[in-house]
Amino acid sequence: QVQLVESGGGLVQAGGSLRLSCAASGRTFSSLAMGWFRQALGKEREFVATITWSGIGTDYADSVKGRFTISRDNAKNTMYLQMNSLKPEDTAVYYCAARMWQVRSFSNEYPFWGQGTQVTVSS
């Protein structure tokens, strides 16, 4: 089992920045591929970014490319999402997710999830 806890969400004005964190426990963190997903009110959960277990490989949704940066610190068992130039359409609950070894972009391929953290961007 893997336990994931997100933090860092909040209310920010358009153009601002936030940094989300996801702390993991229960498995060797360096064996986990990780991802961020988000779900806006009334919409389906969508892919935001993923990172390989080594941290070398990353992938982003087109809507966040160039604005968001995913990273991880395997020594601290923590993954991050730096979000810059935030837009109102980024408003959603952000979830971190984990799976063993190979990264995937579809949420249904991740067995482990955090509880989510709310990000609200005002215009």
Side-chain angles (χ1 to χ4, degrees):
Q1 278 296 82
V2 176
Q3 292 78 44
L4 303 172
V5 179
E6 302 98 333
S7 61
L11 173 64
V12 64
Q13 288 188 328
S17 298
L18 281 175
R19 188 195 197 201
L20 305 183
S21 298
C22 174
S25 61
R27 286 258 191 177
T28 302
F29 185 69
S30 59
S31 67
L32 298 174
M34 305 286 293
W36 287 100
F37 295 81
R38 67 187 181 186
Q39 188 167 16
L41 197 61
K43 295 188 177 181
E44 292 188 353
R45 192 169 298 189
E46 65 175 6
F47 160 73
V48 175
T50 56
I51 188 166
T52 58
W53 63 270
S54 65
I56 294 175
T58 59
D59 192 21
Y60 297 91
D62 287 344
S63 59
V64 307
K65 216 171 273 186
R67 300 187 298 122
F68 290 12
T69 302
I70 189 171
S71 63
R72 65 191 294 163
D73 185 338
N74 285 351
K76 295 183 177 180
N77 291 354
T78 303
M79 174 181 65
Y80 305 98
L81 186 68
Q82 178 66 44
M83 305 186 294
N84 298 329
S85 302
L86 282 160
K87 305 175 181 180
E89 50 264 44
D90 294 317
T91 295
V93 177
Y94 283 70
Y95 297 91
C96 69
R99 69 187 311 276
M100 294 300 294
W101 299 118
Q102 293 187 337
V103 71
R104 295 286 187 270
S105 298
F106 296 100
S107 61
N108 60 5
E109 295 188 274
Y110 284 79
F112 307 114
W113 290 84
Q115 82 288 350
T117 186
Q118 177 71 46
V119 171
T120 303
V121 184
S122 62
S123 56

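Nothing fancy with the numbering, it's 1 onward along the sequence.
- Residue Phe112 holds its CZ atom at 8.5 Å from CD of Gln3, rounded to the nearest 0.5 Å.
- Annotation: side chain of Val93 is not in contact with side chain of Arg38 (no heavy-atom distance under 4.5 Å).
- Looking only at side-chain heavy atoms (C-beta outward), Trp53 and Gln102 stay at 4.5 Å or farther from each other.
- Among all heavy-atom pairs drawn from Ala98 and Leu4, the shortest one is N-CD1, 3.8 Å.
- Here OG of Ser7 is found 8.0 Å from CG of Leu20. Values are rounded to the nearest 0.5 Å.
- Looking at Gln39 and Glu46, their side chains never come closer than 4.5 Å, going by heavy atoms from C-beta outward.
- By the 4.0 Å N-to-carboxylate-O rule, Lys65 lies close enough to Asp62 to be salt-bridged with it.
- Side chains of Thr78 and Asp73: no donor on one and acceptor on the other come within 3.5 Å.
- Between Ser21 and Trp36, the closest heavy-atom pair is O-CH2, 3.7 Å.
- Formation of a donor-acceptor pair under 3.5 Å by the Arg67 side chain with backbone atoms of Ser85 is found in this model.
- Side-chain contact between Ile51 and Met79 is present, with heavy atoms from C-beta onward closer than 4.5 Å.
- In plain terms, the two heavy atoms of Trp113 and Tyr110 that are nearest each other are NE1-O, 2.7 Å.
- The two residues Leu18 and Val119 make their nearest non-hydrogen contact at CD1-CG1, 3.9 Å.
- Checked by atom type, the side-chain pair Ser30/Thr28 shows no donor-acceptor distance below 3.5 Å.
- Looking at every heavy atom in both residues, Ser123 comes nearest to Ala14 through CA-CB, 4.3 Å.
- A cation-pi arrangement, defined by a distance under 6.0 Å to the six-membered ring centre and an angle within 45 degrees of its axis, is absent between Arg72 and Tyr80.
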